[in-house]
Each structure stands twice: as C-alpha cells, then as structure tokens.
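Quick note on labels: first sequence line is chain A, next is B, and so on, each numbered from 1. All values derive from a computational prediction rather than experimental measurement.
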Amino acid sequence: DQQVKQNSPSLSVQEGRISILNCDYTNSMFDYFLWYKKYPAEGPTFLISISSIKDKNEDGRFTVFLNKSAKHLSLHIVPSQPGDSAVYFCAASDSAGNNRKLIWGLGTSLAVNP
Amino acid sequence: GAGVSQSPSNKVTEKGKDVELRCDPISGHTALYWYRQSLGQGLEFLIYFQGNSAPDKSGLPSDRFSAERTGGSVSTLTIQRTQQEDSAVYLCASSMGGRSQPQHFGDGTRLSIL
C-alpha cells in the first residue's frame, strides 16, 4: 500500500523547457515533504523541501508546490538542463512522536535532452 | 571526505551467512538512518538512531536484522542467516536531528545473496 505515489515512471523534456514531476500522497498526517535526486550508483541527494504550512517553496531553478486539499505536490525545474537527468524521489513524513522516517515514492526518471 | 561513508560498497555472500554493513555519518550529525532499496522498489525505512539509542526500529523486517551505533557516530547493520530476499541496496543517511533537517545519504552497500 503506497502512501506516496509517483505515477509517472519516466519523463522526457527538452533542454531549456520546464520539467514538472508529480507526487500524490494518501496519509493526511503527512506534514513535511521532500524531493531527492538520485544518479545511478549514488545515494539520493536532497533538493528541496516544503512544510504543510506553506504551499510553495522556491530554490533557484527548483520550485515545489503543495496542494493539501488534493494531497498533491509537484516539483518544477526551469529551465531544465541535461545534468538534471536523474531519478527524482518524493518523500514524506508525519510529526507523530519520535517519527523521523521518510516514506518514499518509487521515483520518476527524468531525461533532459540537449 | 565530508559526506556519509558506507562500506563495503558491494558485498556478495552465500545464503545463510551473516553480514555486517558499516556507516560513517557526517561529523556532528546526531541522527542516523538505515534504509534499503530492493530492485524496482522505493526506499524502505529500517531504523533510526538519535545518538546511540534507536527510538524507531519499526522498519526492521525480522529478528535477523539488528543495528547498533556507538559513540554517537559509526553504525553497523547486521543481517544474520541471510536469505535471497535480503538482496538490496542498503542506504545510510545522517542529519542534524530535527525533523526539518534533510537527511544526507551515502552511496549505499549493494548486497547480493547467492
């Protein structure tokens, strides 16, 4: 039972255009969300996060949007660059007790074509 | 280096053997996490340490799995009597400890059980 879902296994975008990666969640207790990027044979690298008290967070070319009523978040990368080609994971956590664990989606493989 | 270091990077062993995986977190990071990623799956939480204690062991799949952390630094994940389904990439992450602190990952140990 996937609590965090990334329904698009892959996405292909032209260099310079916008990449939009989507993530849906089912647990209404989730209140903190993160995006990670992963290259082959490397560990995930933190990109950007958002708390449920916000609906948008921006860091350079990366913006995350959160729609709590729809239980949906998205990562926008603009402009996309070939070096952005990687697998992108959405992760979430809730504030219960000592909870620090992240619940992960299965990832979306992004290919940015020159 | 300054990142999370995991060893070995690859481990091949026979079914039934015990294995130990090691994680050196980023210096000063009080929180340490173990995850695993099986083929085609997302990251699965195993255990979380705050200092030397483990407030959340809920992800350990069976009593064959155990982990310890000493001196608030290095952690070892031990799998006894390995089974083929234990084959996965085992990832370690560390953070400053607060929920809003992103987890920084090592490159993982790829474990293959023959």
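When the shell of 6.0 Å around NZ of A:K68 is examined, it contains more than 12 heavy atoms from other residues, nucleotides or ligands. Within 6.0 Å of the CD atom in B:E14, the count of heavy atoms belonging to other residues, nucleotides or ligands does not exceed 12. No more than 12 heavy-atom neighbours from other residues, nucleotides or ligands sit within 6.0 angstrom of CZ on A:R17. Within a 6.0 Å sphere centred on CG of B:L114, heavy atoms belonging to other residues, nucleotides or ligands number more than 12.
The contact between B:S58 and chain A is made entirely by side chain atoms (from C-beta outward), counting heavy-atom distances below 4.5 Å. A:F89 touches chain B through its side chain: at least one heavy atom from C-beta onward sits under 4.5 Å away, while N, CA, C and O do not. At a 4.5 Å heavy-atom cutoff, A:Y39 makes no contact with chain B through either its backbone or its side chain.
Taken together through direct or relayed side-chain contacts under 4.5 Å among Ile, Leu, Val, Met, Phe, Trp and Tyr, B:I113 and B:W34 form part of one hydrophobic cluster. Linking Ile, Leu, Val, Met, Phe, Trp and Tyr whenever their side-chain heavy atoms come within less than 4.5 Å leaves A:I20 and A:V87 in two separate clusters. At a threshold of 4.5 Å between side-chain heavy atoms, the hydrophobic network of Ile, Leu, Val, Met, Phe, Trp and Tyr places B:V4 and A:L47 in two separate groups. Under the 4.5 Å side-chain heavy-atom criterion for Ile, Leu, Val, Met, Phe, Trp and Tyr, B:F65 and B:Y35 are members of distinct hydrophobic clusters.
Across every non-hydrogen atom of A:G43 and B:D107, the tightest pair is N-OD1, 3.0 Å. Of all heavy-atom pairs spanning A:L106 and B:G40, the tightest one is CD2-O, 4.4 Å. In terms of heavy-atom proximity, A:K101 sits nearest to B:D56 at CD-OD2, 3.8 Å. Between B:P102 and A:Y36, the shortest heavy-atom distance links the atoms C-OH, 4.1 Å.
Note: B:L91 CG to A:K38 NZ = 7.0 Å, rounded to the nearest 0.5 Å. Rounded to the nearest 0.5 angstrom, A:W104 CH2 and B:Q41 CD are separated by 15.0 Å. Rounded to the nearest 0.5 angstrom, A:S49 OG and B:Q103 CD are separated by 11.5 Å. Summarising the geometry, atom CG belonging to A:L102 is positioned 13.5 Å from atom CD belonging to B:E44; distances are rounded to the nearest 0.5 Å.
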